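Just below is one structure, and these are the notes that go with it.
All figures in this text were calculated on a predicted structure; none of them were measured in a lab. Side-chain atoms are counted along with the backbone in the values below, which use heavy atoms only and exclude waters and symmetry mates.
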Amino acid sequence: TESMQFPSSQFSQVYEVNVSGGRSRMVTPMPMEAISISKDGKTWLYQDPESLSVLLNKLAEASTSYLLGQIAAGADCVMIFDTWGGIADTPRYLSHSLDPMVKIMSGIRSKHPNFPVILFTKQGSQWLSAMAKTGCTGLGLDWTIDIQQARSLVGNKIALQGNLDPMMLYARPDVIEQETIRIIRQH
């Protein structure tokens with residue numbers, strides 16, 4: 001968890017951002033009307049989309065630098081992974097999730113035009129067509145969409161990967177194997 005104080009005085013809040021999953025929240029440095037306020041990311045999206053955009057742009061820049069470093073270190077492929085995009089409605093998904101991912105991908109493409117980039121949005125199957133139009137080479141699927149349905153949405157020019165419910169890993173090994181084989185056969 002990192003705390004981020006925006007440099008501009010226009011922002012009176014400090015946002016605590018969990019960058020590795022979990023909930024993010026806004027912390028008010030001085031009590032507003034003597035109340036401590038805690039907000040999740042979706043509330044932030046609606047109440048202060050401008051400051052959220054500032055943070056997302058900073059994270060896109062940092063992520064681009066990080067992924068370029070991974071490529072320089074020998075990565076064969078990178079994945080831009082968004083666990084929160086699925087909570088948004090379409091206009092806010094496009095502006096606050098897909099747009100930052102496209103910025104990251106553009107930063108990668110500017111240095112490595114043909115490098116494989118996979119995009120993933122948890123619970124984002126309703127936007128697979130929009131994601132496929134970004135120029136990515138693959139899309140990660142969560143367990144909420146049938147692979148054949150995903151294929152019909154994006155066509156055959158893009159790779160699909162994933163689709164296993166992570167909770168399946170709590171099943172017996174033989175059940176995990178059966179489910180994995182089922183998913184592979186659907187590809």
For the student: nearest non-hydrogen atoms of G135 and R109, plus distance
O-NH2, 3.0 Å

Could you state the interatomic distance from CD (Q149) to CG (L141), rounded to the nearest 0.5 Å?
10.5 Å

Are L59 and L45 linked, directly or through other ILVMFWY residues, by side chains that come within less than 4.5 angstrom of each other?
yes

When you compare the side chain of L98 with that of L119, does any pair of heavy atoms fall below 4.5 Å?
yes

Are F81 and V102 in one and the same hydrophobic cluster, where Ile, Leu, Val, Met, Phe, Trp and Tyr link if side-chain heavy atoms are under 4.5 Å apart?
no

Below 4.5 Å, heavy atoms only, C-beta onward: do M131 and V154 meet side chain to side chain?
no

Atom of P116, atom of T137 and distance for their closest heavy-atom approach
CA-OG1, 3.2 Å

Go through the structure and list residues passing salt bridge (charged side-chain N to carboxylate O under 4.0 Å, His left out) with R172, not counting sequence neighbours.
D174

Correct closest heavy-atom pair for L128 and A150 would be CD1-CB, 3.8 Å

Does Q126 have more than 12 heavy atoms from other residues, nucleotides or ligands lying within 6.0 Å of its CD?
yes

Spell out, as yes or no, whether a donor-acceptor pair under 3.5 Å connects the side chain of D48 to the backbone of W44.
no

Work out which heavy atom in G86 is nearest to a heavy atom in T121; give both atom names and the distance.
N-CG2, 3.6 Å

The criterion is salt bridge (charged side-chain N to carboxylate O under 4.0 Å, His left out); which residues satisfy it with K122, sequence neighbours excluded?
none

Do W127 and T90 get their side chains close enough for a donor-acceptor pair, meaning under 3.5 Å?
yes

Suppose we screen for side-chain hydrogen bond (donor to acceptor under 3.5 Å, both in side chains). Which residues come up paired with R151, at least two apart in sequence or across chains?
none

List the atom of S95, the atom of P100, and the distance in Å for their closest heavy-atom pair.
O-CD, 3.7 Å

Please walk me through it: do D146 and Q186 pass side chain to side chain contact (heavy atoms under 4.5 Å, CB included)?
CA-CA 9 Å; D146 177 76; Q186 282 190 321; 3.3 Å; yes

dist L68:CG -> S110:OG (nearest 0.5 Å) comes out at 7.0 Å

Check the pair T134 / M101 against side chain to side chain contact (heavy atoms under 4.5 Å, CB included), numbers first and verdict last.
CA-CA 9 Å; T134 64; M101 287 195 290; over 6 Å; no

Y66 atom OH: more than 12 heavy-atom contacts under 6.0 Å:
no

For residues 144-174, which residue pairs qualify under ring-ring contact (aromatic ring centres under 6.0 Å, His included), counting only residues two or more places apart or in two chains?
none

Which heavy atom of I176 sits nearest a heavy atom of A171, and at what distance?
CD1-O, 3.4 Å

hydrophobic_cluster_shared for I108 and I118, side chain cutoff 4.5 Å:
no

Does the side chain of K111 reach to within under 4.5 Å of the side chain of I71, using non-hydrogen atoms?
no

Under 4.5 Å between side-chain heavy atoms, counting indirect links through other Ile/Leu/Val/Met/Phe/Trp/Tyr residues: same cluster for V78 and L139 or not?
yes

Determine whether I183 and V175 fall in the same hydrophobic cluster, where Ile, Leu, Val, Met, Phe, Trp and Tyr are linked whenever their side-chain heavy atoms lie under 4.5 Å apart.
yes

Residues 155-168 side chain polar contacts: donor-acceptor under 3.5 Å, at least two apart:
| unit_1 | atom_1 | unit_2 | atom_2 | d |
| --- | --- | --- | --- | --- |
| N163 | ND2 | D142 | O | 2.9 |
| N163 | ND2 | I145 | O | 2.8 |
| D165 | OD1 | M167 | N | 2.9 |

Go through it in stages, so that I can follow the logic: the residues are R182 and Q178, the test is side chain to side chain donor-acceptor pair (under 3.5 Å), and I'd like the CA-CA distance, side-chain angles, deciding distance and then a yes or no.
CA-CA 6 Å; R182 183 191 68 78; Q178 289 170 7; over 6 Å; no

Any chance you could lay out the side chain to side chain contact (heavy atoms under 4.5 Å, CB included) test for I80 and S63, step after step, and finish with the verdict?
CA-CA 9 Å; I80 304 169; S63 296; over 6 Å; no

Looking at residues at least two apart in the chain, or sitting in another chain, which of them share a side-chain hydrogen bond (donor to acceptor under 3.5 Å, both in side chains) with D89?
R92

